[in-house]
Number of protein chains: 2
Amino acid sequence: MRPTVHDIAAEAGVSLATVDRVLNKRPGVRAVTRDKVERAIETLGYVRDVTAANLAKGRTYPLVFIVPAGDNSFMRGLEVEVRAAIARSAAERTEITILSVPAFNPQALAEALEEAHRRQPAGVAVVAIDAPEVTAAVKRLRDDGIAVVTLVSDLPGSARDHFAGIDNIAAGRTAGNLIGRFLGSREGPVAVLAGSMLVRDHRDRLEGFQAVMRDHFGARALLPVIEGQDDAVLAEKLVAALLAAHPDLAGIYSLGAGNRGLVAALETTGKAGTICVVAHELTPYSRAALISGTIDVILNQDAGHEVRSAIRVLKAKADGLPVIAAQERIRIDIFLKDNLPNGQA
Amino acid sequence: MRPTVHDIAAEAGVSLATVDRVLNKRPGVRAVTRDKVERAIETLGYVRDVTAANLAKGRTYPLVFIVPAGDNSFMRGLEVEVRAAIARSAAERTEITILSVPAFNPQALAEALEEAHRRQPAGVAVVAIDAPEVTAAVKRLRDDGIAVVTLVSDLPGSARDHFAGIDNIAAGRTAGNLIGRFLGSREGPVAVLAGSMLVRDHRDRLEGFQAVMRDHFGARALLPVIEGQDDAVLAEKLVAALLAAHPDLAGIYSLGAGNRGLVAALETTGKAGTICVVAHELTPYSRAALISGTIDVILNQDAGHEVRSAIRVLKAKADGLPVIAAQERIRIDIFLKDNLPNGQA
DNA sequence: GAATTTTTGATGTACGTAAATCAAAAATGT
DNA sequence: ACATTTTTGATTTACGTACATCAAAAATTC
């Protein structure tokens, strides 16, 4: 049977109240006595029963999640995961509010951060946009003792406590390596379809991709980046124009969320399957395109992992506890047709 | 504030005792009354506080993990993860025992299962070997009401409740797809280095690999499978012989755990970097080889995920609760040099 | 409608910890 | 040695649920 506070009190020869004072760092204990208790804790191997402690404390963690609106499948999936976390909030002692903001709009995001601030939560998770007004709003939150975690897209150089997302430079490098090797000696240039250079994750992916292409596949031409604003209609138009202008196009790296338009353009022009396509985020659309062969590889970040990690980190930061970085790392999933999980998503 | 049993009692107009009878399916409640209570639960959105319930029950879950001994890095990593779970056992109400057995020895494994049986745990997790005496031992456990989960390597056709591991056929297919595409039009045969055909995971990987090579890369010759018994010395000897016999070898799929020997053979013969190598399991050795370019791709299963999943499933089965299959799926990680996590492992 | 059975209520204890109060004891200063 | 401050003990209540007991009320049987 694992030891309880009572056992420690007995072992140390002190009262329950003193053990409590030591455990909860309350004042009024002499150093000698504190030592006795700590030795008892050590020898008995006592570990506080966190669940009982939480029950007794009745502590809860009010959190705010700020997520971009719009029909971006990945972001909708992210929101589903936040709602799943809300469903678990009883067990996790969280009280989660979701704020929805227009995509790629720094001002609206800064205002949402202010709104979050007014609610005085223990922590805020935000899909960031790399802009000064956002950085400033984050700083105000932190100055007020509110923990801030960036989600999916980071805000480096800001006061945020943590970033819950993938290493996007590594993701871009991986995409470059795969496209380069899949194409092998095949001729033809490679294009990049992005969402917006306003968000850090897209910029980072591009940087990693370009670095690998330059360093390891220098012979292959890289076309100028296309920005599709993560909008299906716009992306389709741009990709169609691209295919017309470059009949010898060998590969496309889609680093944003415009996959529906990309796939539509490839399929209507009859180019599907002839061009090596690496895209991001596993959604019902991209999954179908991977199976049909229109997309060759999907790089994915697990939104559920990100949300759960963000919550763990926010709780820890709110309590002033350290975060085990290695445990909170979000991995880059690589899906080929052959290792696609047959479940949902 | 979330509702408690008291709130339900008030809402339903019954006593606390009656609510308790309904919640815990105790007898002595009229159908009408039960309905009243259930409606109150529904309208108030009550969810039982599992932590408080566990505290009150004082329930614990004695579990046994059976893991192969030897210097197999992956298995040692797995054991580390089990020990990490033991460190968490206070919070998770588990009492975990580890049994170590000689690798690839069905008889020893069957005996270990008997030993586990004698301890009368709530559940057993076992790295299985596909042999009749093992299947029989698993059946005896299940007949005695003890939950059984296979870990890493499955035992299909047995009475085990669940398999906590990756889809090894998919892993083999993925390896085949990657090798096939990476080699492109390059000439030369491909070899397979396995550990032992006694374990199901190796057989499945081979099956998936061969299927893809046959169906999509039919022109490429596949050499007969080499069995290295997951032993570094033996594997090195066999691979060195292979390289001597086939100077035009283009690729190697290492589906077992003999990577140390494989890498040593490639590096001493000066072939490192010239042959496309896909291997399994991220270990300090395979990681170094991936970085140096001796290995091109590592397929990995996260031992930590597998252990945690096995524990969740065993607890659920012990309580007769259903398991959400989608949530317990273990993914196949694909690591290139570019998306290698820079942490441990 | 009385006797019996079934259902419900009231109450208390327990799980392991947190937190508070008040009294008692020990240490400290002068 | 005294007053004063600090430290410690003893005790209680609470968190939300589980579980047991006994009495009271209601439903059922004949």
Side-chain angles (χ1 to χ4, degrees), chain A residues 1-41 44-61 88-95 319-321, chain B residues 1-41 44-61 88-95 319-321:
Chain A
M1 218 48 214
R2 65 188 279 219
T4 74
V5 278
H6 295 84
D7 300 321
I8 301 179
E11 171 80 14
V14 301
S15 77
L16 221 58
T18 302
V19 174
D20 180 70
R21 288 177 185 118
V22 173
L23 278 175
N24 295 294
K25 304 189 199 304
R26 277 185 254 279
V29 184
R30 274 188 305 164
V32 223
T33 317
R34 163 162 289 121
D35 279 357
K36 272 200 298 186
V37 174
E38 273 162 358
R39 254 180 294 119
I41 291 177
L44 292 186
Y46 169 82
V47 246
R48 173 199 252 109
D49 184 329
V50 193
T51 63
N54 282 338
L55 178 61
K57 276 198 282 228
R59 182 171 193 355
T60 60
Y61 302 81
R88 288 192 309 271
S89 59
E92 299 181 347
R93 315 198 83 81
T94 53
E95 291 164 10
D319 287 341
L321 298 175
Chain B
M1 218 46 214
R2 66 187 280 220
T4 72
V5 278
H6 295 85
D7 301 321
I8 301 178
E11 171 79 14
V14 300
S15 77
L16 221 58
T18 302
V19 174
D20 179 70
R21 288 178 185 118
V22 173
L23 279 176
N24 295 294
K25 305 188 197 306
R26 274 185 257 280
V29 185
R30 274 189 302 164
V32 221
T33 318
R34 162 163 289 124
D35 280 357
K36 272 200 297 186
V37 174
E38 274 163 359
R39 255 181 292 117
I41 291 177
L44 292 186
Y46 169 83
V47 244
R48 175 199 251 107
D49 184 329
V50 193
T51 63
N54 282 338
L55 179 60
K57 278 199 281 229
R59 185 181 196 341
T60 61
Y61 301 82
R88 288 193 309 272
S89 59
E92 299 181 348
R93 316 197 83 78
T94 53
E95 291 165 9
D319 287 341
L321 298 174

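All values below were derived from every heavy atom in this structure, side-chain atoms included, with hydrogens, water molecules and symmetry-related copies excluded. Protein chains get the first letters and strands the later ones, always in sequence-line order, with residue 1 at the start of each. Because the structure is predicted, anything quoted here is derived from the model rather than measured.
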Distance in angstrom units between Lys57(A) NZ and dT13(D) C1', rounded: 18 Å

Check every atom of dT17(D), dA10(C), dA10(D) against the side chain of Ala17(B) and return the nucleotide holding the closest atom. dA10(C)

Rounded distance (Å) that lies between atom P of dG16(D) and atom CD of Glu92(A): 18 Å

Backbone N/O of Leu16(A) and side chain of Asp20(A): donor-acceptor pair under 3.5 Å: no

Distance, rounded to the nearest Å, where Leu23(A) contributes CG and dA18(C) contributes C1': 10 Å

Rounded to the nearest angstrom, tell me the gap between atom NZ in Lys36(A) and atom C1' in dA26(C). 12 Å

Counting side-chain heavy atoms from CB outward, which of dT17(D), dC15(D), dC19(D) is closest to Leu55(A)? dC15(D)

Closest-nucleotide mapping onto DNA chain C: is Gly58(B) or Arg30(B) further toward the 5' terminus? I mean the 5' end. Arg30(B)

Whole angstrom value for the distance that separates C1' of dC15(C) from CG of Asn54(B): 11 Å

Proximity to the side chain of Arg26(A) - top-ranked nucleotide from dA18(C), dA10(C), dG9(D): dA18(C)

Looking at Asp49(B) and Arg2(B), does any basic side-chain N land under 4.0 Å from a carboxylate oxygen? yes

Answer yes or no: does a side-chain N or O of Thr4(A) lie under 4.0 Å from OP1 or OP2 of dG16(C)? no

Has the side chain of Arg2(B) got a donor or acceptor that lies under 3.5 Å from a partner of the other kind on the base of dG16(D)? no

Answer with base, sugar-phosphate or nothing: what part of the nucleic acid does Asp20(A) contact at a heavy-atom distance below 4.0 Å? base

Please determine whether a side-chain nitrogen or oxygen atom of Thr18(A) lies at a distance below 4.0 Å from atom OP1 or OP2 of dG9(D). yes

What is the distance, rounded to the nearest whole Å, between atom CG of Leu16(A) and atom C1' of dT12(D)? 12 Å

Ala56(B) side-chain proximity, nearest of dA18(C), dG9(C), dA18(D): dA18(D)

Using atom CZ of Arg59(A) as one end and atom P of dA18(C) as the other, report the distance to the nearest whole Å. 13 Å

Return whichever of Pro3(A) or Pro27(B) has its heavy-atom-nearest nucleotide of DNA chain C closer to the 5' end. Pro27(B)

Are Arg30(A) and Asp35(A) close enough for a salt bridge, meaning some N to O gap below 4.0 Å? no

Tyr46(A) ring centre to Arg48(A) NZ or CZ under 6.0 Å, with the angle to the axis within 45°? no

Any side-chain to backbone donor/acceptor pair from Asn54(B) onto Thr51(B)? Under 3.5 Å, distance only. no

To the nearest angstrom, how far is Lys25(A) atom NZ from dA18(C) atom C1'? 15 Å

Check every atom of dT17(C), dG9(D), dA18(D) against the side chain of Val14(A) and return the nucleotide holding the closest atom. dG9(D)

State whether Arg21(B) places a side-chain N or O below 4.0 Å from either non-bridging phosphate oxygen (OP1 or OP2) of dT7(C). no

